[in-house]
> 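Got a structure for you, written out below as structure tokens; questions coming shortly.
Nothing here was measured: the structure is a model prediction, and the numbers come from that model.
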Amino acid sequence: MTTTTRIPAAPATAPDDPLAALTAPFDVQCESVSSQQGFYHVAPEQMVPLLRRVIEAEGGRLATVTGVDARDGTELIYHVCFDPRGFTANFRTLIPRSTDAMESITPWLPGAEFIEREIHDLLGVDFPGHPRMRRLILADDWPAGVYPLRRGFRKEHGQAQPPTRAPDPAPARVPEAVATPQDNGRTLLSIGPFHPLQEEPEHYQLLVEGEIVVDLDVRISYNHRGIEELSSRRTFDQVPYLVERVCGICSASHPLAYIRAVETLCGCEPPPRARYLRTIVCELERLHSHLLWVGLAGHFLGYNTVFMWAWRYREPVMDILERITGNRCTYANAKIGGCRRDVPDELLPEIERAAAAVRGPTEMLTKAVLDDPVLHARLKNVCVLSTADAQRWCVTGPTARGSGLPIDVRRDYPYEAYDQLDWQVITAPEGDVLAKAKVRLLETLESTRMIQQAARECPGGPIDAHVAEVPPGEAVGQVEAPRGETFHYVRSDGGRNPVRHKIRAPSFVNVPSFRAACIGQHIADVTIALAAVDPCYSCTERLFAARDAASGDTRYDGKHLLELSHQRTRWFERQLGVAPFDQRWARQFRERLA
Amino acid sequence: MNWKLWALKKSLFVYHANVGACNNCDIEIVELLTPRYDVERFGIVLVGSPRHADALLVTGICTRQAAPRLQELYRAAAQPCVVLCVGTCALGQGIFADAYHAGRPVDETIRAVDPNAIIAYVPGCPPKPEAMILGVVKVWSKLEELARGPAAAPRPTPAEVRPA
């Protein structure tokens, strides 16, 4: 990590500071402010009362916290989004190296749990009062006291111990982040690290009483690659290629969030055509991602027909993405200042036609899924995340909109061509799994319309504003990825590399909300509940055996858990006296064709 | 040994392990099961346990946290077991090669457990589904060759099974 430069403090409160009244009772200095974002300097002891005020009383949403290793301590930047106003406030404070501690906000804002644990891992900041301060994203064998985002860190420092342990004849051991069974009536169900729900291997531990989940813990790190640190060693133009590999399904959103941050920093506007082309790729990405989710959700419930059909209809989307960008998955279409490659004008009508062609099948899929009595029985009132919980856990995207929070970066912080298009934010107030499915399915239909309109109205002209250099400064960039808000913070010292690049993927705030949604639920519902927030997953069954904590007997493995979920669906079908889904589906399809 | 290899190639049961990938390879692997590519036509099935697997399909850079688990997966799989490294990350860690949390590359991690492991490589970021099918076909032809050959045929080296 290279050294950071202090941003010269602007004169006290700028005249147009939208938070002037809000921050007046506190010791807050406005450093810089623009129409969408502002940076404020706050005294360390004032930070927690200020955050409490802006989050609890003023409806601010904590996006993330960035830690930066500075010369004489650690800088913490709390990014608070005021979604209805479309304004992101960045409250900065410097905690001295002598204490390196900041009061935890997790006790009253559970959504900050992972955020604080991450900073503790990477920068060594202590958060007194944090209820579960354990290692989160560094490996079990990472040496204590080595912090990869501190200045002067080199890869060798982390390798004080050999990177892999010697082959061990014993079966997989239980990692440190383990919930202890209280008595014999409770069983510890271990899911993962290789398990059915997620692409990223993650280790879930469910403490169950009979069939009911009473506690839940998760250990990540299996997929931690250290992209933030790598990013500080890449040039500004190389970083998009790195961050599109944060997540393969959000590979248009992550680079775009970074690029938006850098463009804000440079004060540059991409040309109109570039904005439309970026919008088209982002919406195509949402289309394929939501169809992917619908298919996998169907698979978890034992409706493999939905899985196959949804993925079949997703193929034309992948084809058109390949036509536009040259690749099915990593697009590399956007660059700082515009787009890297133009789309030939004769391709635009084809994009429009492809989007229209997806809409028919998607409508059918939506109808088939939302009208299904068995799906209603399986998904309605299952794993409810209430609106208040959604706020407290700081969730974003369809997870928030399915809980009745009308937040969408595309509308709240208009970027690219979204303010030129006719579309609406889909919300559902119920907060259960069905509501989240509904939001995603209806968003798919919105996306097809947006792609059609964008392809039809795409203006001509240049696609690149030719940014020559990135001046010193800092900025944040937000993009609505298929899973929620992707948040990037970039700081430049005028050199070739970003000195700090913070990445907050949407799943990082959505995943911890399992704790609010899954406790008290049936084990057979957990597969779909864990899938409901659409964490990045694959659909292979990858689960180690779960053992009875007392006797060590194997109770469930991945297959059994999935079978349990399928059995519950079949049970509802019998109870409701309806034909198996596949037959109903085939009938609907025949009727549609007729 | 010959009959084992003969049986191995009959219907390849694949266990998919993501050890630090970005999802791209993984969604393309799931793509293989769905109607357009439909590898079940060839008897290729994704299974839920390494105990049932004939092949370990590995994606990702093999992070420090995942490396010992990958070795456990390999030990849990019935031998002989083919390891298919899919994607640039699994081949040589690609863009993440100098990341602080990267372990050793997948093939080195597997060879620490079994120096004679059969490892095939499918390059690409991500490889197209067709490339993955080609990789499996090449493994098949190699296994056929081995099954036909004398019992003492040496195990293939990575270079031999690497798609041209």
> Could you walk me through whether Arg64(B) and Asp141(A) pass salt bridge (Lys or Arg N to Asp or Glu O under 4.0 Å), step by step?
CA-CA 8 Å; Arg64(B) 282 173 69 149; Asp141(A) 64 353; 3.3 Å; yes

> Give the member of Ser251(A), Cys329(A), Gly295(A), Gly226(A) that has the highest number of heavy-atom pairs under 4.5 Å with chain B.
Cys329(A)

> When you measure from the side chain of Asn223(A) to the backbone of Cys22(B), do you find a donor-acceptor pair of N or O atoms at a distance under 3.5 Å?
no

> Using side-chain heavy atoms (C-beta onward) and a distance below 4.5 Å, is His288(A) in contact with Ile27(B)?
yes

> For Ile95(B), is it the side chain, the backbone, both or neither that has a heavy atom under 4.5 Å from a heavy atom of chain A?
both

> Quick one: of Ile61(B), Thr34(B), Leu70(B), who has the most non-hydrogen atom pairs under 4.5 Å with chain A?
Thr34(B)

> With chain A as the partner chain, list the residues of residues 35-45 of chain B whose heavy atoms fall under 4.5 Å from it, by residue number, and write 'none' if nothing qualifies.
Pro35(B), Arg36(B), Tyr37(B)

> Do you know which of Glu315(A), Arg245(A), Lys155(A) has the most heavy-atom pairs with chain B at a distance under 4.5 angstrom?
Glu315(A)

> Any side-chain heavy-atom pair from His224(A) and Gln65(B) closer than 4.5 angstrom?
no

> Counting only non-hydrogen atoms closer than 4.5 Å, does Gln93(B) touch chain A with its backbone (N, CA, C, O), its side chain (CB onward), both, or neither?
neither

> For a quick test of your reading: what N or O donor-acceptor pairs under 3.5 Å do the side chains of residues 84-92 of chain B make, sequence neighbours left out?
unit_1: Thr88(B); atom_1: OG1; unit_2: Gly124(B); atom_2: O; d: 3.0

> Using non-hydrogen atoms and a 4.5 Å limit, figure out which bit of Ala97(B) sits close to chain A: side chain, backbone, both or neither.
backbone

> Go through it in stages, so that I can follow the logic: the residues are Leu242(A) and Phe96(B), the test is side-chain contact (heavy atoms from CB on, under 4.5 Å), and I'd like the CA-CA distance, side-chain angles, deciding distance and then a yes or no.
CA-CA 9 Å; Leu242(A) 181 69; Phe96(B) 303 111; 4.0 Å; yes

> Within this structure, what is the OH-CG distance for the pair Tyr100(B) and Leu122(A), rounded to the nearest 0.5 Å?
4.5 Å

> Can you tell which part of Arg154(A) gets under 4.5 Å to a heavy atom of chain B, answering side chain, backbone, both or neither?
neither

> Could you tell me which portion of Ile227(A) (side chain, backbone, both or neither) has an atom closer than 4.5 angstrom to a non-hydrogen atom of chain B?
side chain

> Side-chain contact test, heavy atoms from C-beta onward, threshold under 4.5 Å: evaluate it for Glu229(A) versus His101(B) and give yes or no.
no

> Shortest non-hydrogen contact from Asn327(A) to Cys125(B)?
ND2-O, 3.7 Å

> Could you look at Arg328(A) and say if it's the side chain, the backbone, both or neither that has a heavy atom under 4.5 Å from chain B?
side chain

